[in-house]
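Below, chains carry the letters A, B, ... as their sequence lines are ordered, and counting in each starts from 1. Nothing here was measured: the structure is a model prediction, and the numbers come from that model.
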There are 2 protein chains.
Amino acid sequence: MSDDEQAPPEADIPPGYEALDWRRGFVGQVGPLYRRSGPDGASMGFRVLPHHANGMLNAHGGMLMTFADLSWGHVVAVETSSYWVTVRLMCDFLSSARVGDWVEGGGELLSRADDLFVVRGRVWCGERLLMTGTGIFKPIQPREPRPGEKAFTPRS
Amino acid sequence: MSDDEQAPPEADIPPGYEALDWRRGFVGQVGPLYRRSGPDGASMGFRVLPHHANGMLNAHGGMLMTFADLSWGHVVAVETSSYWVTVRLMCDFLSSARVGDWVEGGGELLSRADDLFVVRGRVWCGERLLMTGTGIFKPIQPREPRPGEKAFTPRS
């Protein structure tokens with residue numbers, strides 16, 4: 001992000017979401033991003049700002065895929081309290097989000113085979129589904145569990 | 001991009017590549033990006049800079065997917081001189097690129113069924129393949145052909 005003034009005021013963020021302190025590198029470019037833990041699992045969110053948009057003032061496809069990667073891969077982080085990498089991501093674009101929209105993303109673990117995690121994910125805006133897809137992720141390094149995350153349990 | 005000083009000097013760009021004048025919105029965040037037309041088709045390129053990277057100083061997966069989307073979808077632009085949207089993108093991550101690496105991407109048209117274009121794409125760094133995948137794109141609006149592009153030929 002090129003200017004902190006682009007960050008929306010906290011009042012624009014739905015209850016339960018907390019800002020992620022990701023300011024460096026590519027995740028800094030695509031922020032601000034938010035995360036929430038709840039009974040239905042963890043989700044992530046962001047307000048579509050001009051620096052997320054294409055020329056039609058919709059969230060750019062690259063931004064939606066980046067957000068899918070982060071919010072679906074986050075399922076692996078919650079399950080294993082590990083850093084992870086993406087092996088494959090498949091995204092179906094269903095609808096678009098406008099500048100000003102609040103977009104959320106999350107997923108559910110479909111399977112774990114050895115060290116490959118398959119996540120079914122979606123990205124949505126209110127009642128409107130923007131994207132569905134599947135991600136295959138691989139944990140690469142365990143770390144201290146954060147609130148709401150399971151402890152790391154390696155499988156032999 | 002937050003600072004024009006992050007743009008690499010022209011001497012760092014391989015011959016034939018021209019900078020794209022994309023400074024606004026999300027494509028401005030992920031730039032600078034470059035394009036080249038050649039006998040083997042069009043390709044795009046970018047130098048991995050700190051604002052493209054993850055914490056391991058590799059190009060972030062979201063950046064590589066964004067670049068795949070742009071460089072594979074560009075095949076449709078060349079074929080039809082149209083603006084396009086992405087319907088589906090499938091990316092397999094094979095290897096990583098470091099800050100400082102020159103990354104290229106391109107693809108070939110596999111099929112055109114009505115107004116859906118299927119592109120087989122890849123992203124590479126020198127001899128090393130970083131990503132392979134498939135994109136499905138849909139032209140949404142014809143425009144004046146740019147140099148190297150075919151004229152728009154609608155199918156009834």
Is the shortest side-chain heavy-atom distance between [X] and [Y] below 4.5 Å?
{"X": "B:Val27", "Y": "A:Met63", "value": "no"}
{"X": "A:His60", "Y": "B:Asp69", "value": "yes"}
{"X": "A:Thr86", "Y": "B:Phe93", "value": "yes"}
{"X": "A:Thr66", "Y": "B:Thr66", "value": "yes"}

Verify the neighbour count for atom [atom1] of [X]: are there more than 12 heavy atoms of other residues, nucleotides or ligands below 6.0 Å?
{"X": "B:Glu108", "atom1": "CD", "value": "yes"}
{"X": "B:Arg128", "atom1": "CZ", "value": "yes"}
{"X": "A:Arg146", "atom1": "CZ", "value": "yes"}
{"X": "B:Arg36", "atom1": "CZ", "value": "yes"}

Among A:Val48, A:Leu49, A:Asn58, A:Val30, find the residue that satisfies the side-chain contact (heavy atoms from CB on, under 4.5 Å) test when tested with B:Phe26.
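Passing option: A:Val30.
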Out of curiosity, does [Y] fall in the hydrophobic cluster containing [X] (side-chain heavy atoms, cut-off under 4.5 Å, transitive links)?
{"X": "B:Met65", "Y": "A:Val118", "answer": "no"}
{"X": "B:Val87", "Y": "B:Leu110", "answer": "yes"}
{"X": "A:Tyr83", "Y": "A:Val119", "answer": "no"}
{"X": "B:Trp72", "Y": "B:Leu20", "answer": "yes"}

Interchain contact, A:Leu94 with chain B, by part (heavy-atom threshold 4.5 Å):
neither
Can you tell me which portion of B:Leu64 sits under 4.5 Å from chain A's heavy atoms? Options are side chain, backbone, both or neither.
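When you check distances to chain A, no heavy atom of B:Leu64 falls under 4.5 Å.
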Which atoms of B:Met131 are under 4.5 Å from chain A, going by heavy atoms: the side chain, the backbone, both sets, or neither?
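Answer is neither: B:Met131 stays 4.5 Å or more from chain A.
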So which of B:Val99, B:Asp92, B:Ile136 has the biggest tally of heavy-atom pairs under 4.5 Å with chain A?
B:Asp92
Taking it one step at a time, do A:Thr134 and B:Met90 satisfy side chain to side chain contact (heavy atoms under 4.5 Å, CB included)?
CA-CA 9 Å; A:Thr134 304; B:Met90 203 281 289; over 6 Å; no
Is it the case that the side chain of A:Gln29 and the backbone of B:Gln29 share a donor-acceptor pair, with hydrogens and angles ignored and the cut-off at 3.5 Å?
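It does hold such a pair.
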